[in-house]
Amino acid sequence: MGSVDVTITRAGAGVSATTLEAASPRLPGTLTRIALIGNPNSGKSSLFNQLTGLNQKVGNFPGVTVDRKTGVAQITPLLRAEIIDLPGTYSLYPKSLDERVITDLLYDRTSAQYPDFVVVTADASNLRRNLLLFSQLADLGLPAVLALNMMDTAEQHGIKIDVAALQQEVGVPVIPMNARKGIGVAALKIVMGQQLAAPTVRFYEPSEELLPMIRQIRYYFNLHNDYLALHYAHQYQRINFLTADEQAYIGELVQQYGFEPTAQQAQETIDRYARINELLLNVVEVTRTEEAEPYSNRIDRVLTHKVWGYLIFFGVLFLMFQAVFAWASYPMELIDEGVAWINQLVQTNFEGPLISLLTEGVLAGLGGVLIFIPQIALLFAFIAVLEETGYMARVTFMMDRIMRKFGLNGKSVVPLISGVACAVPAIMSARTIENWKDRIITIFVTPLMSCSARIPVYTVLIGLVVPDVPVLGIFNLRGIALMGLYLLGFFAAILSALAMKFLLKTRERSYFIMEFPVYRWPRWKNVGITIVEKVKTFVFQAGKVIVAISVILWVLASYGPGDQLAQAEEQARAVATQQQLSAEETENAVASAKLESSYAGTIGHLLEPGIRPLGFDWKIGISLITSFAAREVFVGTISTIYSVGQDADTRTIQQKLATARDSQGQPFFTPVRALSLLVFYVFAMQCMSTLAVTYRETKGWKWPILQAVYMTGLAYGASLLVYQLGS
Amino acid sequence: MPSTSAPTSTARSVKDLRLGESGTICCLNDPEMALKLLEMGCIPGTEVRLNSKAPLGCPVTLVLGNGDYTLSLRMSEAATIMLRD
């Protein structure tokens with residue numbers, strides 16, 4: 001393999017090399033495009049990670065609202081290949097939006113994205129089912145390599161595969177491998193470096209009656225084979241690159257020939273299995289004598305037990321919360337201090353509005369993004385391990401029945417739980433839900449779960465109005481109030497899900513047919529790559545929006561109409577001198593006065609009529625605006641407005657709030673007012689990061705806007721109810 | 001869905017299996033679901049065993065064929081997989 005000659009003849013036996021001479025040899029250094037495709041759990045991600053390592057990126061498929069994961073692999077010292085990772089699928093007939101990516105990619109040969117060849121991963125211990133997809137790809141006439149993965153597992157099961165015979169039967173190179181350990185990757189690369197011919201073996205021939213229709217489609221679109229034309233007949237309504245006329249043409253043919261897609265597809269699948277069974281007779285030898293109970297079943301007896309199953313699940317949950325809340329706080333503090341340090345450094349050395357924009361706008365926004373990295377990394381480490389081991393499939397299995405009642409799905413459990421830490425990674429984890437409706441509902445309701453950013457707001461306001469008294473000897477009234485707010489959020493989430501279950505219309509049927517993977521040790525490399533990828537995605541995608549919004553907020557808070565700001569400052573200084581305030585008190589008074597006359601303050605005053613029915617005044621109005629970017633900003637804004645020093649702790653903020661008076665000289669923060677504000681913070685969508693991630697995950701503004709409107713409306717209504725009934 | 005007047009009313013489905021009991025698939029009676037089930041390996045003639053049930057009785061897991069593949073599905077979906085007598 002030491003040679004850098006990329007045109008050496010193929011190592012595989014039994015494959016015709018007729019087109020090898022005809023095809024031009026690959027230029028050294030050119031980029032080959034290779035699509036990686038296979039069944040779920042066939043080791044596709046492992047192979048992708050083996051080939052590309054950290055050279056991965058996630059982008060959009062052109063015209064499709066689904067992510068496309070690509071990576072660059074060094075095949076030989078001179079040849080690099082772009083590897084496209086396609087979603088795991090059992091067949092070429094897409095069942096979900098995710099799987100449609102595959103057909104979109106493989107239907108259009110003239111597309112710039114069209115792969116030079118495909119690598120099909122197959123689980124050797126489950127070859128029959130895995131070959132179904134391969135046989136369809138072969139019939140499409142795509143040059144292919146069969147990566148026969150998990151050879152070790154097959155051996156343990158007593159399955160012996162004659163690789164040479166299999167290669168003969170399927171007509172493409174077959175590489176036995178163990179992607180988890182990296183065995184066979186080198187051999188695969190050698191084959192990848194070759195110019196591959198299209199497979200010569202056909203697995204399925206459409207029936208005679210279909211041929212007239214197929215041929216017409218084939219000649220009309222100048223397609224190279226019958227099977228592709230058949231797929232056009234199946235999917236014509238969903239093929240993006242066909243014009244309306246072309247779709248209508250196929251539609252007419254389908255009508256004319258009475259083509260029944262469902263029946264045809266079912267028959268095709270059965271025919272394929274028949275052909276595969278026949279083929280495997282010569283290839284596979286099962287030497288297993290007595291069937292030992294698989295160890296996975298024995299583990300399942302404990303992990304999905306009706307009592308132990310739930311107890312263990314809650315134990316895992318507890319550990320996860322512990323990690324996200326407690327362990328993550330140390331690195332989060334470090335990041336916070338680090339950003340503050342840089343901020344300080346910039347502020348002490350430079351001056352001017354541009355620097356102020358940099359520190360209070362950009363850096364503050366960036367800090368708000370970076371601080372979530374530890375939580376995201378830990379949460380996804382947990383989720384990746386649970387996925388990798390196969391435990392997650394069991395959790396969704398145990399929870400499906402319960403979640404279904406609320407329009408959710410067993411798989412919604414993960415996002416909802418993660419939402420208590422932070423909605424951002426939680427929404428990202430909703431990816432595992434294939435069903436569009438279930439996934440949208442999950443994404444939509446997850447931010448209602450009380451996240452950690454609400455804790456500072458809850459603490460300040462509860463401390464202000466709820467007395468610190470014991471209840472029933474063991475509980476504390478403040479603790480109960482806090483618990484109540486969490487429960488309020490949780491019930492709002494599941495009831496909203498229930499409502500959406502009836503409102504959302506979809507043609508897609510909700511099903512729960514899932515392969516139960518066997519338990520395995522996690523592959524730490526995969527876990528690591530998952531963490532890096534999620535963090536990267538979050539920082540770059542959500543970060544852009546957060547920083548932009550922070551800058552806008554900074555502008556609103558730093559500038560005012562006309563020379564209002566300067567006048568306010570002058571006035572405040574005059575008053576301060578009159579009252580003989582200390583330098584620090586003066587600065588606070590000035591900051592407060594400036595904020596009031598800034599655009600943000602103006603908007604606060606403008607908002608006042610609208611929020612007065614909730615018991616709020618313009619000061620809270622400003623906080624509502626600033627904390628729209630992130631809830632925790634509330635405390636900071638309140639302390640500025642009420643002229644509390646920046647270093648003030650929670651207690652002094654509470655004291656300040658407690659002494660605040662309304663126009664009649666009565667205490668402003670009555671219990672009802674505080675409760676109204678609390679309820680507002682339970683429901684309101686005040687988190688740019690969440691909106692950004694919803695935008696990212698749904699690939700459009702529709703859902704984030706609906707989410708913001710719905711949650712803010714809910715918050716407004718609930719606050720109104722609380723304040724009006726209470727006062 | 002087949003009408004109940006059809007003679008198949010006595011036919012058993014995977015839903016009727018007891019825990020640990022096996023049967024052989026004869027046909028799939030929900031065309032749309034059948035496509036998914038076929039792809040996942042529920043082919044007529046294959047042996048299935050009801051392996052376990054979720055704590056609340058649904059979904060269930062089936063072991064297919066010669067025992068190295070476990071499928072989890074809801075009871076309503078299991079009811080569409082008919083068994084041979």
Side-chain angles (χ1 to χ4, degrees), chain A residues 39 89-93 95 123 125-126 128-130 132-133 153-154 157 159 260-263 265-266 268-270 272-274 277 286 288 291-294 296-297 300-301 304-310 393-394 396-402 404 410 509-518, chain B residues 1-2 13-15 17 19-22 24-82 84:
Chain A
N39 281 191
T89 185
Y90 292 99
S91 92
L92 278 188
Y93 292 98
K95 303 280 180 297
D123 175 355
S125 65
N126 204 339
R128 188 165 72 134
R129 202 201 58 212
N130 278 259
L132 178 76
L133 176 67
T153 317
H157 286 218
I159 301 168
E260 286 178 52
T262 309
Q265 195 186 328
E268 179 192 327
T269 310
I270 292 171
R272 281 185 189 280
Y273 273 120
N277 278 340
V286 181
R288 174 172 36 198
E291 199 198 295
E293 173 91 31
S296 273
N297 281 356
D300 271 339
R301 218 155 285 155
T304 65
H305 184 268
K306 49 183 168 236
V307 180
W308 305 129
Y310 289 115
R394 275 74 184 182
T396 63
F397 173 72
M398 287 194 292
M399 299 301 286
D400 183 66
R401 178 80 183 264
I402 305 167
R404 216 185 317 159
R509 225 163 120 178
S510 173
Y511 60 80
F512 188 85
I513 304 177
M514 188 181 73
E515 186 178 344
F516 236 44
V518 291
Chain B
M1 299 288 154
S13 73
V14 168
K15 193 182 177 184
L17 288 175
L19 270 182
E21 199 187 347
S22 297
T24 306
I25 300 174
C26 101
C27 43
L28 306 164
N29 73 5
D30 179 329
E32 202 186 325
M33 204 62 80
L35 296 177
K36 178 78 187 161
L37 290 168
L38 278 171
E39 285 168 3
M40 303 282 287
C42 296
I43 312 138
T46 311
E47 197 180 278
V48 285
R49 179 162 57 87
L50 185 62
N51 181 51
S52 71
K53 289 182 174 183
L56 295 167
C58 177
V60 296
T61 64
L62 307 176
V63 171
L64 287 168
N66 43 18
D68 36 33
Y69 174 41
T70 309
L71 195 66
S72 135
L73 73 178
R74 290 176 183 163
M75 267 300 189
S76 57
E77 290 147 4
T80 71
I81 306 174
M82 306 308 288
R84 274 188 200 152

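Not measured: the values here are computed from a predicted model.
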Query raised in the report: Hey, which of Arg129(A), Arg272(A), Gln265(A) is the one that makes side-chain contact (heavy atoms from CB on, under 4.5 Å) with Glu39(B)?
Result: Gln265(A)
Query raised in the report: Nearest heavy-atom pair of Ile513(A) and Met33(B): which atoms, and what distance?
Result: CD1-SD, 3.9 Å
Report task. Decide side-chain contact (heavy atoms from CB on, under 4.5 Å) for Thr304(A) and Lys53(B); before the verdict, give the C-alpha distance in whole Å, the side-chain angles of both, and the deciding distance to 0.1 Å. Result -> CA-CA 9 Å; Thr304(A) 65; Lys53(B) 289 182 174 183; over 6 Å; no
Report summary line: Of the listed Ser72(B), Ala78(B), Ser76(B), Gly45(B), the one with the largest count of heavy-atom pairs under 4.5 Å with chain A is Ser72(B)
Query raised in the report: So how far is it from Tyr511(A) OH to Thr80(B) OG1, rounded to the nearest 0.5 Å?
Result: 13.5 Å
Requested in this report: Under the side-chain contact (heavy atoms from CB on, under 4.5 Å) rule, collect the residues that match up with Ala34(B), sequence neighbours excluded.
Outcome: Leu28(B)
Requested in this report: Please flag which part of Leu38(B) lies under 4.5 Å from any non-hydrogen atom of chain A: side chain, backbone, both or neither.
Outcome: both
Query - Distance in Å, Met40(B) CE paired with Leu132(A) CG, rounded so as to fall on 0.5 Å steps - result: 11.5 Å
Query raised in the report: Are any of the side-chain heavy atoms of Leu56(B) and Lys306(A) separated by less than 4.5 Å?
Result: no
**Report entry** 4.5 Å side-chain heavy-atom contact, Lys36(B) and Ser91(A)
**Finding:** no
Query raised in the report: Rounded to the nearest 0.5 Å, how far does OG1 of Thr61(B) lie from CZ of Phe516(A)?
Result: 6.0 Å
Query raised in the report: Taking all atoms of both residues into account, what is the closest heavy-atom pair of Pro55(B) and Met398(A), and its distance?
Result: CD-CG, 3.8 Å
Query raised in the report: Between Arg128(A) and chain B, which part of the residue has a heavy atom less than 4.5 Å away: side chain, backbone, both or neither?
Result: side chain
**Report entry** Contact leader toward chain A among Leu73(B), Leu71(B), Leu35(B), where contacts are heavy-atom pairs under 4.5 Å
**Finding:** Leu35(B)
**Report entry** When Thr262(A), Thr396(A), Leu133(A) are compared by non-hydrogen pairs under 4.5 Å with chain B, the top option
**Finding:** Thr262(A)
Query - Which residues share a salt bridge (Lys or Arg N to Asp or Glu O under 4.0 Å) with Arg74(B), sequence neighbours left out - result: Asp400(A)
Report task. Go through Phe397(A) and Ser52(B) one step at a time and tell me if the side-chain contact (heavy atoms from CB on, under 4.5 Å) criterion holds. Result -> CA-CA 11 Å; Phe397(A) 173 72; Ser52(B) 71; 4.1 Å; yes
Query - Which atoms of Phe512(A) approach chain B - backbone, side chain, both or neither, heavy atom under 4.5 Å - result: both
**Report entry** Other residues, nucleotides, ligands: >12 heavy atoms within 6.0 Å of Glu260(A) CD
**Finding:** no
Query - Top contributor to chain A interface from Pro44(B), Gly41(B), Pro59(B) [non-hydrogen pairs under 4.5 Å] - result: Pro59(B)
Query - Spatial distance of atom CG (Asn126(A)) from atom CG (Leu64(B)) [nearest 0.5 Å] - result: 9.0 Å
